[in-house]
Enquirer: 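Have a look at the structure that comes next, please.
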Amino acid sequence: MPVRVRFAPSPTGYLHIGGARTALYSYLFAKRHKGQFILRVEDTDLERSKKEFEDSQIADLNWLGLIHDEGPDKPGDVGPYRQSERLDIYKKYSAELVEKGAAYPCFCTNAQLDIKKEKLAEAGKAPHYDGTCRNISQEESSKRIADGEEHTIRFTVPDHPFDFKDHVRGNVGWPIDMVGDFVIMRSNGMPTYNYCCTVDDWLMKITHVIRAEDHLNNTLRQLMIYEALGAEIPEFAHVSLLIGKDRQKLSKRHGATSVSQYQKEHYLPEALLNYLCLLGWSHPEEKDVFNIEDIVDIFDLDRFSKSPAMFDVDKLNYINGQYLRAMSIETLVLKFAEVCSSESPFHKQTPEWKNIFAELIKDKIQNFIEVREKVDEIFTSDIYLNDETKEILSWDSTKLIQEYLASELDGFDKPFISEDLIGDWMNHIKSEMKIKGKHLFMGMRVVLTGKAHGPDLKKVARLTPPGIIAQRISKLSLYEGH
RNA sequence: GCUCCUUUCGUCUAGCCUGGUCAGGACUACGCGUUUUCAUCGCGUCAACAGGGGUUCGAAUCCCCUAGGGAGUACCA
């Protein structure tokens, strides 16, 4: 039987990184077994579901490279792939279940239900539905339905325990009386999650359900429905949850949780995927920087950790940096151009300048977004005064260097200073002015760049317009005048 | 409340099934080396088996109890 795995998001928001992670695991498992990866849109919550969210989630999945084989935008044999378009199917099977006695119409109103729940809660009992409408005869309920009385369809919970083997959790079971008869069709005619999910997984011939642990308890209800439907039960893998710094389920208040946010921040999709993969799954050789395509052959369900994982931006950044370091200068230059704003001076530079720049900073950044400030640092005439630069500026030698460089730059008319010329200046300062070591290099750096630290001095200076350097030097003079 | 899941360095984790190397790796922090700076890179240091019982010559590993954390308990998914 061909492996078929699905990712089934509800379009009520942007693609969450937790969702991206389960999608990744599903994708990997499907690829590993040369099976199909199916995207199903669970849009039965009329109020919260929005087409724009469906579109953005698909766009995010595509950006990550998690391409589905079947979905709303890629019809297959078992469609439609949007639950709102499958209502006839859910109706058909719920009617069958009623026929079989596995479900029944319930005419209880919300108000009645609330009172029942309250009483049970007061008595310290689980707020399960008491089964009032179970005993209404077929004739009576048919009549009441014909009269237009509002009703739901409830599932008749069997009186035997259920258990199953989860690929991550092992054997999981529940006692009888764990749940009360639950609604499978709402009064507005829409199916509920546990019901339509089960019907779809069955009809879509899903063989492996890989999802987050918050669905573990839902599996009980779904198992009941599979049984009533006479459907074959798929295999399950309930992956641990992603949590935030406070160890609560990851949510908006923990910072960036949507995939699109990371895209906006210019993270590499491969790096995000690589990191996400590590949150709950481990490489058999304990590698932590690897390409997703390279683990397709070794990915399996036995290497999941059971406890929830905390999202750690530091490690994401590290991995992103590793990917960035492996890129060619050509690619980097293209990426840099993408990241810099349209008015950034970066775009006005020659290809040679861009290459030197890329070479110079590739090891200094973990994320493309940092390029912006690196460019700014070169083109700003601002000087950074802190304890370190102040100390360097207080040296007499620095003052001499500053005077010398000011005079050299006076009337300088080439677009850039060559590395050789900077070398000549250094030699002059060393041999003629007798300034060397730290005093020479740090003095030179602060005078030329206005900062105590930065990339290779000769190269940054070569990349900086002489006019900017001249401005910095005059600002330094002002500072010293105080 | 009830049910289910879970607990190894600050973080992600390996090891657990098939008891027996100073409990290994990675990120972070710190230190050293390289870089006359910073970063990269290399090397190193700090740092954990939730607690308590048991079984055993021997327990992170097997069993029991306690505590903590999470999820679910909907006409949300």
Side-chain angles (χ1 to χ4, degrees), chain A residues 8-13 42-45 47-49 83 106 108-110 113 117 120-121 123-129 150-154 166 168-170 172-175 177-180 182-194 196-197 211-221 238 240-241 243 245-249 275 278-289 302-303 305-319 321 325 360-366 388 392 436-442 444-446 449 451-457:
Chain A
S10 43
T12 54
E42 309 217 327
D43 55 350
T44 54
D45 184 343
E47 255 126 68
R48 298 195 299 146
S49 297
Q83 291 187 326
C106 170
C108 296
T109 63
N110 274 330
L113 258 19
K117 252 182 235 169
L120 286 166
K125 287 181 183 160
H128 294 157
Y129 180 64
E150 204 166 77
H151 67 282
T152 59
I153 304 291
R154 276 186 194 274
D166 188 89
V168 181
R169 316 275 146 200
V172 182
W174 297 269
D177 286 348
M178 168 72 199
V179 292
F182 54 93
V183 172
I184 57 173
M185 291 295 279
R186 291 184 266 221
S187 54
N188 68 358
M190 296 299 279
T192 58
Y193 166 72
N194 282 300
C196 54
C197 174
R211 67 200 349 175
E213 200 199 334
D214 47 356
H215 286 295
L216 188 58
N217 285 306
N218 285 327
T219 310
L220 168 63
R221 281 160 228 245
H238 287 93
S240 65
L241 247 24
I243 55 177
K245 282 250 184 287
D246 53 0
R247 304 211 72 95
Q248 305 278 309
K249 193 170 164 181
Y275 176 61
L278 251 20
L279 252 26
W281 186 83
S282 61
H283 193 286
E285 289 165 36
E286 296 193 52
K287 286 183 186 169
D288 55 6
V289 179
D302 300 331
R303 297 196 63 82
S305 67
K306 299 173 173 191
S307 46
M310 200 179 286
F311 191 87
D312 176 20
V313 181
D314 282 336
K315 188 139 188 186
L316 202 216
N317 286 337
Y318 165 78
I319 290 174
R325 231 134 272 149
L360 189 60
I361 70 159
K362 69 176 284 198
D363 289 343
K364 298 192 165 299
I365 59 175
Q366 291 190 309
E388 222 176 346
I392 295 163
K436 57 187 177 178
K438 196 179 170 186
H439 286 81
L440 166 63
F441 284 90
M442 294 306 282
M444 190 94 182
R445 175 175 291 281
V446 173
T449 69
K451 292 206 299 288
H453 303 291
D456 183 88
L457 183 58

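Not measured: the values here are computed from a predicted model. Protein chains get the first letters and strands the later ones, always in sequence-line order, with residue 1 at the start of each.
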Enquirer: Mind checking A:Cys196 for me? I need base, sugar-phosphate or nothing, with any heavy atom below 4.0 Å counting as a touch.
Expert: nothing
Enquirer: Between B:U37, B:C4, B:C41, which nucleotide has the shortest distance from any of its atoms to the side chain of A:Arg445?
Expert: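 For the A:Arg445 side chain, the nearest candidate turns out to be B:U37.
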Enquirer: With sugar-phosphate meaning primed atoms plus P, OP1 and OP2, does A:Asn317 contact a base, only sugar-phosphate, or nothing at under 4.0 Å between heavy atoms?
Expert: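 Touches nothing.
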Enquirer: Between B:C41, B:C75, B:G70, spot the one nearest the side chain of A:Ser187, thanks.
Expert: B:C75
Enquirer: Rounded off to whole Å, could you give me the CG-to-P distance for the A:Asp363 and B:G42 pair?
Expert: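 For the pair A:Asp363 CG and B:G42 P, the rounded distance is 11 Å.
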Enquirer: Let's test your reading of the model: under 3.5 Å, does the base of B:A77 pair with the side chain of A:Asn218 as donor and acceptor?
Expert: yes
Enquirer: Is A:Glu213 close to A:Asp166 at the side-chain level, that is, under 4.5 Å between some pair of heavy atoms?
Expert: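 They are not in side-chain contact.
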Enquirer: Identify whether any heavy atom of A:Arg169 sits under 4.0 Å from a base atom; if not, whether one sits that close to sugar-phosphate; answer base, sugar-phosphate or nothing.
Expert: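 Touches sugar-phosphate only.
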Enquirer: Work out which heavy atom in A:Ala212 is nearest to a heavy atom in A:His238; give both atom names and the distance.
Expert: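 Closest approach of A:Ala212 to A:His238, heavy atoms only: O-CD2, 3.6 Å.
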Enquirer: For A:Ser240, answer base if it contacts any base atom (sugar-phosphate contacts may also be present), sugar-phosphate if it contacts only those atoms, and nothing otherwise; contact means non-hydrogen atoms under 4.0 Å.
Expert: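 A:Ser240: no heavy atom of the nucleic acid under 4.0 Å.
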Enquirer: Could you state the CG-C1' distance from A:Leu220 to B:A74, rounded to the nearest angstrom?
Expert: 15 Å
Enquirer: Pick the C1' atom in B:G52 and in B:A71, then give their distance to the nearest Å.
Expert: 27 Å
Enquirer: Hey, could you give me the CZ/NE2 distance between A:Arg221 and A:His215, rounded to the nearest 0.5 Å?
Expert: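 So the gap between those two atoms works out to 12.5 Å.
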Enquirer: A:Gln83 or A:Val172: which one's nearest nucleotide on RNA chain B is closer to the 5' end?
Expert: A:Val172
Enquirer: Side-chain N or O of A:Arg303 less than 4.0 angstrom from OP1 or OP2 on B:G15?
Expert: yes
Enquirer: Select from A:Lys364 and A:Arg221 the residue whose nearest nucleotide in RNA chain B is closer to the 5' end of that strand.
Expert: A:Lys364
Enquirer: If you check every side-chain atom of A:Lys117, which of B:U37, B:A74, B:C5 has the closest atom?
Expert: B:A74
Enquirer: In terms of side-chain heavy atoms of A:Asn217, which of B:A74, B:C4, B:A77 is nearest?
Expert: B:C4
Enquirer: What's the CG-P distance between A:Leu457 and B:U35, to the nearest Å?
Expert: 16 Å
Enquirer: Hey, does A:Gly321 reach any base, or is it just sugar-phosphate, or nothing, if we go heavy atoms under 4.0 Å?
Expert: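 Nothing: the residue A:Gly321, judged by heavy atoms under 4.0 Å, touches no strand.
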Enquirer: When the P atoms of B:C9 and B:G51 are compared, how many Å lie between them, rounded to an integer?
Expert: 10 Å
Enquirer: Provide the Watson-Crick or G-U wobble partner of B:A50, both distances under 3.5 Å; none if there is no partner.
Expert: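 Pairing partner, where one exists within any strand: B:U66.
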Enquirer: Nearest to the side chain of A:Ala309 - B:A71, B:U13, B:C4?
Expert: B:U13
Enquirer: Roughly how far apart, to the nearest Å, are B:G20 and B:C63 at atom P?
Expert: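 So the two P atoms sit 15 Å from each other.
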Enquirer: Work out which heavy atom in A:Ala309 is nearest to a heavy atom in A:Ser240; give both atom names and the distance.
Expert: N-OG, 4.4 Å
Enquirer: Checking A:Tyr318 against A:Tyr275 for the ring pair (Phe, Tyr, Trp, His ring centres under 6.0 Å) test, could you report, in this order, the C-alpha distance in whole Å, the side-chain angles of both residues, the deciding distance, and whether it holds?
Expert: CA-CA 10 Å; A:Tyr318 165 78; A:Tyr275 176 61; over 10 Å; no
Enquirer: Quick check for you: among B:U8, B:A74, B:C5, whose closest atom lies nearest to any side-chain atom of A:Ser307?
Expert: B:U8
Enquirer: If only atom types and distance count, is the side chain of A:Asn194 paired as donor or acceptor with the main-chain N or O of A:Ile184 below 3.5 Å?
Expert: no
Enquirer: Round to the nearest Å and state the distance from A:Asp214 atom CG to B:U73 atom C1'.
Expert: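 After rounding, the gap between these two atoms is 14 Å.
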Enquirer: When we call it a touch if two heavy atoms are under 4.0 Å apart, what does A:Gly280 touch: a base, just sugar-phosphate, or nothing?
Expert: sugar-phosphate
Enquirer: Name the pairing partner of B:C22, where a pair is Watson-Crick or G-U wobble with both distances under 3.5 Å, or state none.
Expert: none
Enquirer: Just compare B:U13, B:A77, B:G1 and give me whichever is closest to any side-chain atom of A:Tyr193.
Expert: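 Between B:U13, B:A77, B:G1, the one nearest the side chain of A:Tyr193 would be B:A77.
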Enquirer: Scan every strand shown for a Watson-Crick or G-U wobble partner of B:G1, both distances under 3.5 Å, and answer none if you come up empty.
Expert: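 Its partner is B:U73.
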Enquirer: With rounding to the nearest 0.5 angstrom, report the CG to NZ distance, A:Asp288 to A:Lys315.
Expert: 4.5 Å
Enquirer: Pick the P atom in B:A47 and in B:U11, then give their distance to the nearest Å.
Expert: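 My reading of the P atoms in B:A47 and B:U11 gives 16 Å.
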Enquirer: Please report, rounded to the nearest Å, how far the C1' atom of B:C38 is from the NZ atom of A:Lys438.
Expert: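 It works out to 14 Å between those atoms.
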Enquirer: Indicate whether OP1 or OP2 belonging to B:U13 is found under 4.0 Å from a side-chain N or O atom of A:Ser305.
Expert: yes
Enquirer: When you check the phosphate oxygens OP1 and OP2 of B:C27, does a side-chain N or O of A:Tyr318 lie under 4.0 Å from one of them?
Expert: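 Result: yes.
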Enquirer: I want to check one thing: is the phosphate of B:C5, taken as OP1 and OP2, less than 4.0 Å away from some side-chain N or O of A:Lys306?
Expert: no
Enquirer: Measure from CG on A:Leu316 to P on B:U28 and round the result to the nearest Å.
Expert: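 To the nearest whole Å, that distance equals 12 Å.
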Enquirer: Regarding B:C38, can its base be found pairing with the side chain of A:Lys451 as donor and acceptor, where the two atoms are less than 3.5 Å apart?
Expert: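 Under the 3.5 Å cut-off, the side chain and the base do not form any donor-acceptor pair.
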Enquirer: Taking A:Ile365's backbone N and O only, do any of them form a donor-acceptor pair with A:Arg325's side chain (distance below 3.5 Å, no angle check)?
Expert: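 Present.
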Enquirer: Could you check whether A:Pro175 gets within reach of a base, just the sugar-phosphate, or nothing at all, counting any heavy atom under 4.0 Å?
Expert: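 Answer is sugar-phosphate: A:Pro175 comes under 4.0 Å of backbone atoms only.
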Enquirer: Would you indicate what A:His215 reaches in the nucleic acid, counting non-hydrogen atoms under 4.0 angstrom: base, sugar-phosphate, or nothing?
Expert: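 Base, at least one base heavy atom under 4.0 Å.
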Enquirer: Closest approach to the side chain of A:Lys315, judged atom by atom: which nucleotide of B:A77, B:U40, B:C27 is it?
Expert: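 Nearest nucleotide to the side chain: B:C27.
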Enquirer: Answer with base, sugar-phosphate or nothing: what part of the nucleic acid does A:Glu42 contact at a heavy-atom distance below 4.0 Å?
Expert: sugar-phosphate
Enquirer: If you look at every heavy atom in A:Met310 and A:Leu279, which pair is closest and at what distance?
Expert: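 Distance-wise, the nearest heavy atoms are O-CD1, 4.0 Å.
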Enquirer: Taking the C1' atom of each, how far is B:U13 from B:A60, in whole Å?
Expert: 14 Å
Enquirer: Between B:C75, B:U73, B:A77, which nucleotide gets closest to the side-chain atoms of A:Asn110?
Expert: B:C75
Enquirer: If we take the P atom in both B:C62 and B:G19, what is their distance in whole Å?
Expert: 9 Å
Enquirer: Applying a 3.5 Å limit to both distances, which nucleotide forms a Watson-Crick or G-U wobble pair with B:C17?
Expert: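 Pairing partner: none.
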Enquirer: Can you figure out which of B:U40, B:A74, B:C4 approaches the side chain of A:Leu216 most closely?
Expert: B:C4
Enquirer: State whether A:Thr192 places a side-chain N or O below 4.0 Å from either non-bridging phosphate oxygen (OP1 or OP2) of B:A77.
Expert: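 Result: no.
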Enquirer: Would you please confirm or rule out a distance under 4.0 Å between OP1 or OP2 of B:A14 and any side-chain N or O of A:Ser282?
Expert: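 Yes, such a contact exists.
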Enquirer: So which nucleotide does B:C32 pair with, by the Watson-Crick or G-U wobble rule with both distances under 3.5 Å?
Expert: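 Pair assignment: B:C32 / B:G42.
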Enquirer: Provide, to the nearest angstrom, the distance between the CG atom belonging to A:Asp312 and the P atom belonging to B:C9.
Expert: 15 Å
Enquirer: Any side-chain to backbone donor/acceptor pair from A:Ser10 onto A:Thr12? Under 3.5 Å, distance only.
Expert: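 No; zero donor-acceptor contacts below 3.5 Å.
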Enquirer: Using atom P of each nucleotide, how far apart are B:C46 and B:U6 to the nearest Å?
Expert: 33 Å
Enquirer: Report the distance from atom CE of A:Met310 to atom C1' of B:U13, rounded to the nearest whole Å.
Expert: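 Between C1' of B:U13 and CE of A:Met310: 14 Å.
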Enquirer: Using atom P of each nucleotide, how far apart are B:U8 and B:G70 to the nearest Å?
Expert: 14 Å
